[in-house]
Amino acid sequence: MIPVNQPLLDGNEKRYLSECIDTGWVSSDGPFIKRFEDGFASVVHRKHAIAVANGSMALVAAVAALRLEAGAEVILPSFTIISCAAAIVRAGLVPVVVDADPATFNIDVSQIEAAISLRTRAIMVVHIYGLPCDMDPILDIARRYSLKVIEDAAEMHGQTYRGKPCGCFGDISIFSFYPNKHITTGEGGMIVTDSDVLAARSRDLRNLCFIPPRRFVHDELGHNMRMSNLQAALGVAQLERLPTFVARKRAMGSLYNELLKGMPDVELPLASTDYAESIYWVYGIVVNESIGFDADEAIRRLSAAGVGTRPFFWPMHEQPVLRRMGYFAQARCPVAERIARRGFYIPSGLALTEQQIREVAGIVREVIHK
Ligand SMILES: Cc1ncc(COP(=O)(O)O)c(C=O)c1O
């Protein structure tokens with residue numbers, strides 16, 4: 001089986017991990033945490049970086065840090081991971097979905113204003129799969145309506161929007177370091193912001209709100225979402241190679257484009273827009289209606305031929321758990337509904353070899369039109 005993802009851990013990872021073991025620093029108090037946070041903040045041009053346990057918890061803290069009033073509405077794309085809606089709901093806020101742009105799969109900017117109500121307080125933007133959201137018009141809407149921006153850059157390490165790093169656009173922004181990301185810490189996440197207040201609040205939420213003067217007396221409920229020194233050691237080693245990883249992913253994406261181009265009934269990912277070139281976090285493809293079957297069948301065929309895949313995200317407005325809570329009764333997002341049913345991604349991990357890419361592309365061509 002060619003795995004859908006495998007990370008590359010052949011830089012300084014082992015050396016830095018040994019350092020943790022040799023010095024006994026394994027907890028979140030170890031020195032790699034600060035090194036990773038400082039290094040990451042500098043890469044995304046932010047004043048503060050706060051390392052946490054994973055990207056989902058980074059979203060929980062980022063949304064809670066904003067202290068929006070209970071019942072306030074937050075706009076988000078329907079086509080995203082559940083972590084986004086979960087963070088909004090857990091903060092006592094109301095998620096309001098907007099459909100995806102059919103070309104980039106990101107939030108359809110032209111539909112955002114229609115979703116704004118008197119209770120809207122924030123927009124959560126999520127950069128999906130390879131290309132960032134079109135940030136200029138989104139930031140303009142946020143300014144005009146006095147909305148906070150939460151930027152989910154979980155998949156966008158090393159990507160830029162008009163030359164500026166993704167992760168530098170939100171009032172507060174987040175990343176994930178799950179092993180399928182451009183850099184990984186096994187499990188891990190990062191919150192970044194330029195605001196001293198939001199950074200301090202995120203740090204408190206990360207660590208059980210241990211606010212002075214008396215330790216173990218709490219005024220508020222936080223979480224333990226700390227990252228360990230072991231994870232940060234991996235992160236420092238991975239961060240050293242971010243530009244190499246991004247270049248490698250782009251080369252992999254271009255090779256897939258070349259090998260798969262011209263296939264009837266199959267939509268390949270958009271390579272670039274006027275503001276960014278895809279980093280191919282994952283290489284997603286969509287099978288057209290004309291083909292006579294959906295992504296589930298394509299996934300079955302590829303699996304039988306030894307190719308690992310993952311289906312696309314499932315829209316938030318079609319999530320049973322959120323529907324049961326009473327959200328999205330009227331929501332319709334035809335683009336998200338379509339790509340969820342017709343899209344999947346093929347092996348895209350950094351350890352994939354050129355030979356494997358050629359093999360996967362050959363199998364895709366063969367089994368899709370069997
Ligand atoms: C857009 C997006 N946001 C948030 C997350 C959650 O990150 P984690 O898996 O580290 O909890 C992911 C995970 O893949 C993601 O793709």
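Because the structure is a prediction, the values reported are computed rather than measured. Whatever order the structure lists ligands and atoms in, that order sets their numbers, starting from 1.
Using a 4.0 Å cut-off to heavy atoms of G55, the atoms of ligand 1 that qualify are 6 (C), 7 (O), 8 (P), 10 (O), 11 (O). For ligand 1 and S83, the ligand atoms under 4.0 Å from any heavy atom of the residue are 6 (C). Every atom of ligand 1 with a heavy atom of V126 under 4.0 Å away is listed here by number and element: 1 (C). Heavy-atom proximity to N54, at under 4.0 Å, picks out these atoms of ligand 1: 10 (O), 11 (O).
Given atom 9 (O) of ligand 1, the protein heavy atom at minimum distance is S176 OG, 4.0 Å. When only non-hydrogen protein atoms are considered, atom 16 (O) of ligand 1 lies nearest to E155 OE2, 2.6 Å. Considering only non-hydrogen protein atoms, atom 3 (N) of ligand 1 sits nearest to D152 OD2, 2.6 Å. Nearest non-hydrogen protein atom to atom 13 (C) of ligand 1 is K181 NZ, 3.3 Å. Nearest protein neighbour of atom 11 (O) of ligand 1, counting heavy atoms only, is S56 OG, 2.6 Å.
Remark: R35 qualifies as a cation-pi partner of Y16 under the 6.0 Å distance and 45° angle criteria applied to the six-membered ring.
In this structure, F344 has its ring center no closer than 6.0 Å to that of F312.
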Legend entry - Y327 and H317: CA distance, side-chain angles, deciding distance, ring-ring contact (aromatic ring centres under 6.0 Å, His included) verdict: CA-CA 7 Å; Y327 301 119; H317 70 286; over 10 Å; no

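In this structure, E187 does not count as a contact residue of ligand 1, since none of its heavy atoms falls inside 4.0 Å of the ligand. Not close to ligand 1: G189, with no non-hydrogen atom less than 4.0 angstrom away.
Side-chain contact between V96 and T120: absent, with no pair of heavy atoms (C-beta onward) separated by less than 4.5 Å. Contact annotation: the side chain of P347 approaches that of Y256 to within less than 4.5 Å [non-hydrogen atoms, C-beta and beyond]. For the pair W281/N180, a side-chain contact is recorded, criterion being any heavy-atom separation below 4.5 Å from C-beta on.
The aromatic rings of F40 and F36 stand perpendicular to each other, their planes meeting at an angle above 60°, with 30° marking the opposite boundary.
Checked by atom type, the side-chain pair S117/E73 shows a donor-acceptor distance below 3.5 Å.
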